[in-house]
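Okay, structure first, notes after.
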Amino acid sequence: MLKTQTCGELRSEHDGQSVLLAGWVHRRRDQGGLIFIDLRDRWGITQVVVNQETAPEAHAVASGARNEYVLQVKGAVRIRPEGTANDELETGAIEVVASEIVLLNAAKTPPFYINKEEKIDEVERMRYRYLDLRRPRMQRNIILRHKIVKFIRDYLDERDFVEIETPILFKTTPEGARDFLVPSRLMPGHFYALPQSPQQLKQLLMVAGYERYFQIARCFRDEDLRGDRQPEFTQLDLEMSFVQREDVIDLIEGMMIELSEKVAGKTPLIKPFPRLTYTEAMEKYGSDKPDIRYDLTAVDVTDLAGKSGFQVFVDNAAAGKPVKVIRAPGLLRGKEDPTKALSGEGLKRLMKELEDLIRTTGAKGLAWMALPLEENGEVKGPIGKFFTVEQKVELFERVDAQAGDILLFTSDKRETVYEVVNVLRRHLAEALGLVDSDTVAFCWVIDFPMFYWNEEEQRWDPSQHMFTSPVPEDIPLLDTDPGAARGSQYDLACNGYEVAGGSIRIHSRELQEKMFPLIGQDMEHAREEFGHMLEAFEYGVPPHGGIASGIDRLAMVLAGEPNIREVIAFPKTQKGADIMAHAPSEPDPRQLEELYLRVVVPEEEQEQ
RNA sequence: GGGGACGUGGUGUAGCGGUUAACAUACUGCCCUGUCAAGGCAGAGAUCGCGGGUUCGAACCCCGUCGUCCCCGCCA
């Protein structure tokens, strides 16, 4: 080894020890006859000091060194002189007095700071990803990610799980997303599909009798990117035989708690994790992956508002459309001076902003009431006058309204109300400073509807995938009222992200076959695509179920990062490109020839 | 496919119709033996993403285009 110690490990007890360090110049402070170099490696930073008088050759090398030069330093550990210790640095009690310095490699001036936390343009970060990855933030995240995966492997290994790899070159997996295709050279005109998840394969492993399988699996979905979504991503994929919902939930909940506490150092806000039915989640939070770090829950006041004098609410209530209220605590208070209430232009602007926001959901408007700060002040807002004093009292009691709160009313068809609630919660939480990126708040969402109606295609779509079993008591509903049937699906949400989702699977061929016509697939096609599954189902399938958890997203939440790219070493841009290596790129014509492919790009696309 | 934001020395920002295009930092040189975001002095570095238009005059206004990001659609 070119080093005997790392730059993170030396302490006072190493005083006098002779060491060999190697790393990058993090910073250099040239005092003339004395040069200080902060030498950095993955483990930390150690101050190297070079004295011109005692080590003239080393001093000359240090003098010519610049940021990010790669150096090897031979020297002796010394406790820093009285008054020069640095408490900020883990190795700050000591320094290494250099006797020899070898320049292992010079470096160009980096295009951005390695030694400073600063926002840098994404293009630059991606183009020089190997430099971006040197920065402390990325090192922290990438190492945290490693620890998460390592913890998961150990946790599952201790519980007798077997890690089994499944193919990347496979065939279309019915998760509903667009497939990435890979042409076959040996079978001209045929294509592999990259797996959207190892769903079928893990179920077949249950048929195969492994009982407890997991995999840290790469998955691929050819859909547009988002802040929490990349076209290729990593999942903890897991399946167990002879289990019920509770077994899977218990296993994962235990794992998530330990991951948060032992690996990420964050205690989950509520333990055990709260469980919400899908309906509860939608009614209270307007989302099936609610962020429960903050309250801001929607309260149903349809009955009350239906009796008010406000015609819109009366009509909607009569038509079965809900009226919901979100209490925004202290929203009326001024930003600079919380003892003063917003009024006039300030209030107008605030409400305009909220109204613009909720219009993106298709909602027509936002009614509101503001509770004055002073004892006997007037309730402000356009709809106050439509409620009697008694109605207002009851309303305020129901939502626990306080002085300075603004109550936001939304009423529309149910789906729109949900969306408004979701959008408002997220916005208000941010605006009121209720979001803490150091907190993790998990909750389970269960009792999803088995299907939702696809208006366009005029058919039922599975709300998870076609292998999800209905909850046992709802199986008869498949024949009578599929829309009312609940699936055995369970999702785990954390901080407003879905971090895991799974279900108990169908393990009977009859029931599985029943699914195809319901979701608008004819049997012939189903047999073609999934014949191997149906056939396997005839050879003694154990009851089984499992779950999958997006590792990238989980790492993002545990790291408190706002974007999934921050926990992926080499992520893709929103167009799915790698700006560093220039992927995707045009293939060599000979490659296409070998694959019997011809590229036909429409003219308007070519011009670009 | 749609909506929005951004693009100014290497980096981060200011400037938003007439500026010598400002500031911080990085960079280069010199000085300096206890610094740690070192300090001091000097210096170099920008046709303001690209193309077109409006104007006596454009970094600034308009149109287009490219790129990045956020969101909807899509995707669980």
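In what follows, chains are A, B, ... by sequence order, proteins preceding strands, each numbered from 1.
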Query raised in the report: Could you state the NZ-C1' distance from A/K108 to B/A26, rounded to the nearest angstrom?
Result: 15 Å

Query - Of residues 222-236 of chain A, the positions that come close to RNA chain B - non-hydrogen atoms, cut-off under 4.0 Å - result: A/E223, A/D224, A/R226, A/G227, A/R229

Could you list all N or O pairs between the protein and nucleotides 5-13 of chain B that sit under 3.5 Å apart?
residue: B/G10; atom: O2'; partner: A/P111; partner atom: O; Å: 2.7
residue: B/G10; atom: N2; partner: A/Y113; partner atom: OH; Å: 2.9
residue: B/U11; atom: O4'; partner: A/P111; partner atom: O; Å: 3.4
residue: B/G12; atom: OP1; partner: A/D121; partner atom: N; Å: 2.6

Query raised in the report: If pairing requires Watson-Crick or G-U wobble contacts with both distances under 3.5 Å, which nucleotide is the partner of B/A37?
Result: none

Requested in this report: Send over the distance from A/K575 NZ to B/G1 C1', rounded to a whole Å.
Outcome: 13 Å

Query - Rounded interatomic separation in angstrom, taking CG from A/D578 and P from B/G67 - result: 15 Å

Query raised in the report: Is a donor on one side and an acceptor on the other found under 3.5 Å between the side chain of A/R359 and the backbone of A/K364?
Result: yes

Report summary line: Those residues at least two apart in sequence (or on a different chain) that pass side chain to side chain donor-acceptor pair (under 3.5 Å) with A/Y213 are A/Q215, A/D237

Requested in this report: For RNA chain B, determine which residues of residues 557-567 of chain A have any heavy atom closer than 4.0 angstrom to one of its atoms, and list them numerically.
Outcome: A/N563, A/R565

Report task. Sugar-phosphate means primed atoms, P, OP1 and OP2; the rest is base. With that split, encode nucleotides 27-42 of chain B 5' to 3' as B, S or - using protein heavy atoms under 4.0 Å. Result -> SSS--BBBBBSB----

Query - For A/Y278, ring pair (Phe, Tyr, Trp, His ring centres under 6.0 Å) partners two or more places apart - result: A/F448

Report summary line: Pairing partner of B/G9, by Watson-Crick or G-U wobble and under 3.5 Å for both distances, is none

